[in-house]
2 protein chains.
Amino acid sequence: MYQQVERVSHDGGMSKQPKYRQVADALRREIDNGTYPPGARLPSESELSARFDASRNTVRSGLGLLVTQGLVTSSQGLGYEVAKHEVFELNASRFEDLSFPQNGDAYSTDVTNAGRRPHQTFRVEIHPAPDDVAERLKVEPGSRTVLRFCHRFVDDVPWSTQATYYPSWLVEEAPRLAEPGDIEQGTTRYLAEHGTEQVGYFDEISTRMPTPDEARRLEIGAGVPVLLWMRTGYSDQRPIRCTVTTFRGDLNRMNYEIGDQAGRENEPQ
Amino acid sequence: MYQQVERVSHDGGMSKQPKYRQVADALRREIDNGTYPPGARLPSESELSARFDASRNTVRSGLGLLVTQGLVTSSQGLGYEVAKHEVFELNASRFEDLSFPQNGDAYSTDVTNAGRRPHQTFRVEIHPAPDDVAERLKVEPGSRTVLRFCHRFVDDVPWSTQATYYPSWLVEEAPRLAEPGDIEQGTTRYLAEHGTEQVGYFDEISTRMPTPDEARRLEIGAGVPVLLWMRTGYSDQRPIRCTVTTFRGDLNRMNYEIGDQAGRENEPQ
DNA sequence: CTGCTCAACTTGTAGGGACAAGTTGATGAA
DNA sequence: TTCATCAACTTGTCCCTACAAGTTGAGCAG
């Protein structure tokens, strides 16, 4: 017959926290103070169960907290591992292409400069405009747009997905947007050569937990949010494109340089 | 005696997904298609248990997925509720204070303009510089800084925390930074009047799951990430302050206007 | 009517068991 | 040696029970 165990623990009486939280807190402290450095393996569930005098289920609840906070990952047969993140910096405030003689791909050059290996898959589709994109492009929801979609990897780790929508009126002026394959000089420059120059943009940045679909595409474990970046580019007349980028939140940081940056580059004193 | 039940379900054989995921996916679909609109209550665990022919634990696992994805919230005694989020837009690219005759507080005016009620608590401390802040301010880690800390609410809901660190050399030139209480004309303008004008800044934006501390201060439920915004302000000589803002990720979106915005304001056609 | 109690719900915590499935390294056969 | 097998670990899924704790509304005492 089952008997409810005494809930009061022997830690001095100031706890009141449920046991699975105590487990999580204790492990979090040990991760923070370096007992378990990034990449280290945690003790197994049964070891922790013995150490904390808790059932395996309770220990699992505690570990689950750490997993959903992104501090540790787990894999069947292997155990729990302290997560390590190297963030990748992304400068979002520089105007792309126009002033730089690069081949139209800021991502590849940025990653290569960081000593990492870029890789991307690319496809072009005709696609009805999603509501949020239609609103920003000032076209009817569901109207035809050209979608240029990019799935990006760094060292073969999924990094981000980027979807750029072009309104159909623009595709008539710049038909190569709808053709599969790269545009060597870069889309921004290609558009400028066809009479539509991007003179400004509006960026919106938000975050949330990934949808199951995003979690699959970006190979995101539990407890890692996505960073959402929506950029609407404008000519001096009207919106010309809308780019929706989804980043793994644990691997990316976005930067904006605004105003005079002289004070940032100087040495101290 | 316990008997493992037959794992194959009667949905045509294409499932393979564990049962708790099937529960989560089914409920997610029904949330997406409006069966359970934002604010609605989900069936209770025992009802779902009957509907899916699963144990309460299994149903709880499925609901737990939705909670950690931020789609639903749960509270003891009340049940599960579909989360509703109204995001608050924050324009981060305008230079504060200098050109506007406001009383130094972009937050209060932004919130009031949105028809919401702002509220904030404020305190000033002498605090050793955290490593990341020290690096950006180009001072020794742990050296004395003045910390001006702000805890902000909208309609009494915790919204964000903001910590601005000023290096000690700057406080000697502008002593009121270290005094508690508001600076009516705004700190940026106050600094300009004392010979230190902020001419540029560098913004870094990232996201992660909240620490238990942040979750408590911002009253964040499970499954809601935080949006981290770190702004380092510069004079033409050197860094003058570093502001670390922590937002509830489900309630905030950051915007940047860069370049000419004429095309954004125009009407279509 | 007001205000209190309490039953009947809800979710939260904690324990138990059994078996599935992934990983690793030792062992033994070829 | 090389390769397949398998035992012994790991976490993953699923079930059961029991009780704690928060919420609500019915119903009763005053």
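- Ion pair Asp25(B)/Arg29(B) not flagged as a salt bridge, since none of the NZ, NE, NH1 or NH2 atoms sits closer than 4.0 Å to an Asp/Glu carboxylate oxygen.
- The distance from atom OH of Tyr80(A) to atom P of dT23(C) is 15 Å, rounded to the nearest whole Å.
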Side-chain atoms of residues 52-66 of chain A: list all donor-acceptor pairs with protein atoms under 3.5 Å, sequence neighbours left out, distances to 0.1 Å.
unit_1   : atom_1 : unit_2   : atom_2 : d
Ser55(A) : OG     : Asn57(A) : N      : 3.4
Ser55(A) : OG     : Thr58(A) : N      : 3.2
Ser55(A) : OG     : Thr58(A) : OG1    : 3.1
Arg56(A) : NE     : Glu45(A) : OE1    : 2.5
Arg56(A) : NH2    : Glu45(A) : OE1    : 3.1
Arg60(A) : NH1    : Glu45(A) : OE2    : 2.8
Ser61(A) : OG     : Asn57(A) : O      : 3.2

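- Where Asp53(A) and Gln76(B) meet DNA chain C, the nucleotide closest to each residue was compared, and Gln76(B) sits on the side nearer the 5' end.
- Look at CD on Gln17(A): it is 10 Å from P on dT13(C), rounded to the nearest Å.
- Between the side chain of Arg28(A) and the backbone N or O of Pro212(B) there is no donor-acceptor pair closer than 3.5 Å.
- The pair Asp213(A)-Arg217(A) meets the salt-bridge criterion, with a side-chain N (NZ, NE, NH1 or NH2) lying under 4.0 Å from an Asp/Glu carboxylate O.
- Rounded to a whole Å, the CD atom of Glu45(A) is 12 Å from the C1' atom of dC9(D).
- With rounding to the nearest 0.5 angstrom, the CZ atom of Phe149(A) is 10.0 Å from the NE2 atom of His127(A).
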Trace of the side-chain contact (heavy atoms from CB on, under 4.5 Å) decision for Val226(A) with Arg208(A): CA-CA 6 Å; Val226(A) 292; Arg208(A) 56 170 168 70; 3.9 Å; yes
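- What separates CG of Leu48(B) from C1' of dT11(C) is a distance of 12 Å, to the nearest Å.
- The aromatic rings of Trp229(A) and Phe247(A) sit parallel, their planes meeting at an angle under 30°, below the 60° perpendicular limit.
- Proximity of a side-chain donor or acceptor of Asn33(B) to a complementary backbone N or O of Thr35(B) within less than 3.5 Å is detected.
- Close to dT10(C), at under 4.0 Å from its OP1 or OP2, lies a side-chain N or O of Ser44(B).
- Atom-to-atom, CZ of Arg41(B) to P of dT10(C) comes out at 7 Å; the value is rounded to the nearest Å.
- Contact check, Ser46(A) against dT10(D): a side-chain N or O comes under 4.0 Å of OP1 or OP2.
- Proximity of Tyr20(B) to the phosphate of dC15(D): no side-chain N or O atom is located under 4.0 Å from OP1 or OP2.
- Between Arg51(B) and Glu30(B) there is a salt bridge, since at least one side-chain N of the basic residue sits less than 4.0 Å from a carboxylate O of the acidic one.
- Listed pair Ser75(A) / dT23(C) fails the phosphate criterion, with no side-chain N or O lying under 4.0 Å from OP1 or OP2.
- Within residues 54-67 of chain A, the residues that place at least one heavy atom under 4.0 Å from DNA chain C are, in residue-number order, Ala54(A), Ser55(A), Arg56(A), Asn57(A), Thr58(A).
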Just the table, please: protein N/O against nucleotides 3-5 of chain C N/O, every pair under 3.5 Å.
none

